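Notes for the one structure printed next.
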Amino acid sequence: MSTRLEHLDIHPLRDDLYRELHSRPFQVLPTPARVTQIAVLTTPEQRRQQFEHLKALHRALGYPEPEAEVSCYERTFGDFKIRREMHMEFASYTFTNLATSDADPFVETGITPLPEGWLEALAGTVVAAFHVDIRSASDDIAGDLAYVRQHFEGMRLVGSSPQEGAARVWGTFQLHSDGFGRFMVLNHQMSNSQLGRLTQRLMEIETYRLMSLLALPVAREITPSLNEMDRQLATITQALADNRDLDEQQLLGDLSHIAARIEAYRAHTTFRFSATRAYHQLVLSRLEELREDELSGHLTLTEFMTRRLTPAVKTCEAVSERLEDLSRRVDRASDMMRTRVELAIQSQNQQLLSSMDRRSRIQLMMQHTVEGFSVVAISYYLIGLLKLALDALYENGLVFPKNLVLGVAIPVVMVLVFLGVRAIHHHFIRMAKRQ
């Protein structure tokens, strides 16, 4: 019985995940062929413009327009083929001219069959643009080398024999008089599928190499500012270490300014530096897949990249790590400053509490003194009222020793007033303790 899935819960992205593995198939290239690749940085709006521009090319060549935009689009127009691949931040166009001709290399290229003016109207910022000329190799290696040299305008060649001698690859990794880079592939015994894979890897190496180097000007631009901030931070840290009298508010302001500048640089460069590391890893993996053999007297592609590209990428990585290190150091210096300020505030609070305690004791002593005066004052008024009452009784015929009664009442009243005031005082103290 066959297994049935229609009753199971299928992930909605399952089909897309399968298609993703096959979305960018290797090309199949015959010998000879002329290939041109152009990589352009694009915005979302420019991507929409490029798709409309691609449909205009189909109309100009008399072919049906593509209905929907896909990550990798490929179409053959007779002996001319176009391939458009969408990446995270750029789009690559590969134009393949399969028309046989006796023209010298790079006289006719992959973009020769394009309609007049179509390429010039392509939206985006060009990063990579280079031609690959694919021809058959001969058994005369020295003769082939002499032939190759004629078409690279006297520039120093970088070359190797990949795939255990199945082909020879030549290039300069420089721009030529037409504004394009140039590579030449001399096929010795590769099939069309193998040749397509080799050419694809070669184009990816050149494109990813240039994309990885986009961070280098950024790294060079911000390095002087990082040096300045490093000196400022060292001065602040040394002042904290020397425990000198400092203007904490001024130093905290300086540290906040440095931290803000670092975060601004990080926001501006984090993606670019991360992309550089990713592109560099892709270049290294493609170089490893070439399995190069050395051609006598020439640097291989791997040797050239190791000597020229890797130091540039390491520079970008060093600047990225320096930004992170500065951010951590600023955080530590800020923590030390905050600790210093908190200790100063605690010392001030302790002094304030001590002063308040002294004032409280003084107020308590004054309160006791006032309580004594209060007993005398209250007793005085009560004795005055008692005297009025005794006078009223005496004048109404009640005979008694008025002065003696009044004299005896004075200490009794004062004692009773004192006890009453103390009772009220202790009542409030008990209320305060309960709170």
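The figures that follow rest on heavy atoms only: side chains count, while hydrogens, waters and symmetry mates do not. Since the model is a prediction, treat every value here as computed from it, not as a measurement.
- Side-chain contact check for E292 and S161: no donor-acceptor pair (N or O, by modelled atom type) lies under 3.5 Å.
- Proximity of R277 to S320: side-chain heavy atoms (C-beta onward) are separated by under 4.5 Å at one or more points.
- Using the six-membered ring where Trp is involved, H53 and W118 have ring planes that are parallel, under 30° apart on the 30 and 60° scheme.
- Side-chain atoms of F173 and L301, non-hydrogen and from C-beta on, do get closer than 4.5 Å to each other.
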For the pair K314 and E317, evaluate salt bridge (charged side-chain N to carboxylate O under 4.0 Å, His left out) and give the outcome as yes or no after the intermediate values.
CA-CA 5 Å; K314 292 296 183 183; E317 292 178 350; 3.8 Å; yes
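- Nearest heavy atoms, K55 versus P66: CD-O, 3.6 Å.
- Put simply, the side chain of T276 gets close to the backbone of S212: a donor and an acceptor are under 3.5 Å apart.
- I205 has its side chain within reach of M305: a pair of non-hydrogen atoms, C-beta onward, lies under 4.5 Å apart.
- The heavy-atom pair separating K81 from V28 by the smallest distance is NZ-O, 3.8 Å.
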Test salt bridge (charged side-chain N to carboxylate O under 4.0 Å, His left out) on R83 and E85; report intermediate values, then the result.
CA-CA 7 Å; R83 178 184 176 116; E85 297 182 49; 2.8 Å; yes
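- When side chains are defined from C-beta on, V40 counts as touching Q50, because their heavy atoms get closer than 4.5 Å.
- Annotation: H58 is in aromatic contact with Y73 [ring centroid separation under 6.0 Å].
- Here the closest non-hydrogen pair linking I222 and L323 is CD1-CD1, 4.1 Å.
- Between the side chains of Q200 and E204, a donor-acceptor pair is found at a separation under 3.5 Å.
- Considering all non-hydrogen atoms of both residues, E69 and R47 come closest at OE2-O, 3.9 Å.
- For the side chain to side chain contact (heavy atoms under 4.5 Å, CB included) test with Q27, the passing option among T199, L195, N192, T94 is T94; the others fail.
- Contact annotation: the side chain of V169 approaches that of L198 to within less than 4.5 Å [non-hydrogen atoms, C-beta and beyond].
- Put simply, the side chain of Q189 does not reach to within 4.5 Å of the side chain of Q194, judged on heavy atoms.
- For the pair T112 (side chain) and E108 (backbone), a donor-acceptor distance under 3.5 Å is absent.
- For the pair Y381/I378, no side-chain contact is recorded, criterion being any heavy-atom separation below 4.5 Å from C-beta on.
- Closest approach of F180 to T36, counting heavy atoms only: CE2-CG2, 4.0 Å.
- F80 and F95 have parallel rings, their planes meeting at less than 30° on a 0 to 90° scale where 60° marks the start of perpendicular.
- Between L145 and L157, some side-chain heavy-atom pair lies under the 4.5 Å cut-off.
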